[in-house]
Amino acid sequence: MFEMLFSLVVGFTFGFALQKAGLSKYHKIVNVFRFTDLAVLKFMMTTLAVSMVGVFALNSLGIVALPNIPATYVIGNLIGGLIFGVGMAGAGF
Amino acid sequence: MLKLLRQKEWSPYLAGTLLGLVYVISIAVTGIIPGASGAFENIGGLIAQAVYPDLAKNTYFQFVMPPGITTAVMILLGIVIGAFVSAKLSGDFKLQTVSDPQWKRVFGNATWKRWLVLFIGGIILEFGAGIAGGCTSGLAIGGGLFLAPSAFIFIAAMFASGIPVAMLMYWRKY
């Protein structure tokens, strides 16, 4: 039950950050593929850097255990990513 | 603080920092890597159970993505509410059938065109996410932060197909 409510709060902040970055808008998403607005990449890479430092700092201190990381299966990740990109650039979300 | 919350658009670095902290807190407290696409598969499984139970018995729904109201569904619900509150606070919220000015300029005002592309694009996107094992949030960021190879293969593939599709759609306007 706690996990469910907690996830709702996580999602809330998630959606809040996405909307504030303007990533709920079609042109923000499609323009990253046209190289005219790199907000998506700036946003993604900032998130990556912050979460990477945070999680591994807490992990080194022995506070946080690493969860199961997403599995690598090259063909699946590659083909899935190729299909995903078509949808993302086409629909713009 | 309130002024910041009411701002229409944040710098992507600020919003990215906020989301990065959300990832850290979620992983620290519950061990869950936040993701958006999994929820659709959980809900899809529930629908399959209701209308076509045989389909819900396949390996995918049994082991990979069990149907049900999971934490992923709660995150998705939270995303919708959070984005709504953010848009309301900044006065950015409007109900429109075709909302984007750039789309209108390039592809016109027709509602059916936008909705058709959204619907088909959504199916393609979710299908791809299902095969790859996640989407931009769950796989690219959630895996990338552990330097998982899957995340970087996925990001590269996403751009490798996204760029030509955008080129084709915009053609001379690219």
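Each chain gets a letter, A, B and so on, in the order the sequences are listed, and its residues count up from 1.
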Residue A:Ala71 versus chain B: region with a heavy atom under 4.5 Å: backbone
Chain A interface, residue from B:Ser11, B:Gly142, B:Gly16 that has the most non-hydrogen pairs under 4.5 Å: B:Gly16
Geometric class of the A:Phe84/B:Phe154 ring pair [parallel <30°, tilted 30-60°, perpendicular >60°]: tilted
Proximity breakdown for B:Tyr170 and chain A, heavy-atom pairs closer than 4.5 Å: side chain
Side-chain ion pair, A:Lys25 and B:Glu9, N-O less than 4.0 Å: no
Segment of B:Leu116 engaging chain A (4.5 angstrom heavy-atom cut-off): neither
Heavy-atom proximity to chain A below 4.5 Å, by part of B:Gln7: backbone
Region of A:Leu23 that comes under 4.5 Å of a non-hydrogen atom in chain B: neither
Part of B:Ile25 lying under 4.5 Å from any heavy atom of chain A: both
Proximal component of B:Leu5, with respect to chain A [non-hydrogen, under 4.5 Å]: both
B:Thr30 side chain vs A:Glu3 backbone, donor-acceptor pair below 3.5 Å: no
Proximity breakdown for A:Leu78 and chain B, heavy-atom pairs closer than 4.5 Å: both
Structural part of B:Ala156 lying under 4.5 Å from a heavy atom of chain A: neither
Region of A:Asn59 that comes under 4.5 Å of a non-hydrogen atom in chain B: neither
Plane angle bin for B:Phe146 and A:Phe56 - parallel if under 30°, tilted between 30 and 60°, otherwise perpendicular: perpendicular
Chain B contact via A:Val40 - side chain, backbone, both or neither, heavy atoms under 4.5 Å: neither
Most chain A-contacting option - heavy-atom pairs closer than 4.5 Å, from B:Gly133, B:Ser161, B:Ala28, B:Ser86: B:Ser86
Rounded distance (nearest 0.5 Å) linking atom CG of B:Leu19 with atom NZ of A:Lys20: 15.0 Å
Residue among B:Met169, B:Met74, B:Met167 with most heavy-atom pairs under 4.5 Å to chain A: B:Met74
B:Asp100 side chain to A:His27 backbone, donor-acceptor under 3.5 Å: yes
Heavy-atom contact with chain A under 4.5 Å, split by part of B:Phe93: neither
Side chain proximity check, B:Ile75 to A:Leu8, heavy atoms < 4.5 angstrom: no
Minimum heavy-atom distance between B:Ser26 and A:Phe6, given as atom pair plus value: CA-CE2, 3.8 Å
Interface residue of largest heavy-atom contact number with chain A, from B:Ile33, B:Asp92, B:Leu21, under 4.5 Å: B:Asp92
Heavy-atom proximity to chain A below 4.5 Å, by part of B:Ile155: side chain
Interface moiety of A:Val50 toward chain B, non-hydrogen atoms closer than 4.5 Å: both
Best-contacting candidate, B:Ala148, B:Pro149, B:Gly31, against chain A by heavy atom pairs under 4.5 angstrom: B:Pro149
Interface residue of largest heavy-atom contact number with chain A, from B:Ala129, B:Gly121, B:Pro12, under 4.5 Å: B:Pro12
Residue part contacting chain A, namely of B:Thr136, when any heavy atom lies under 4.5 Å: both
Minimum-distance pair of heavy atoms, taken over all atoms of A:Phe33 and B:Ala166: CB-CB, 3.7 Å
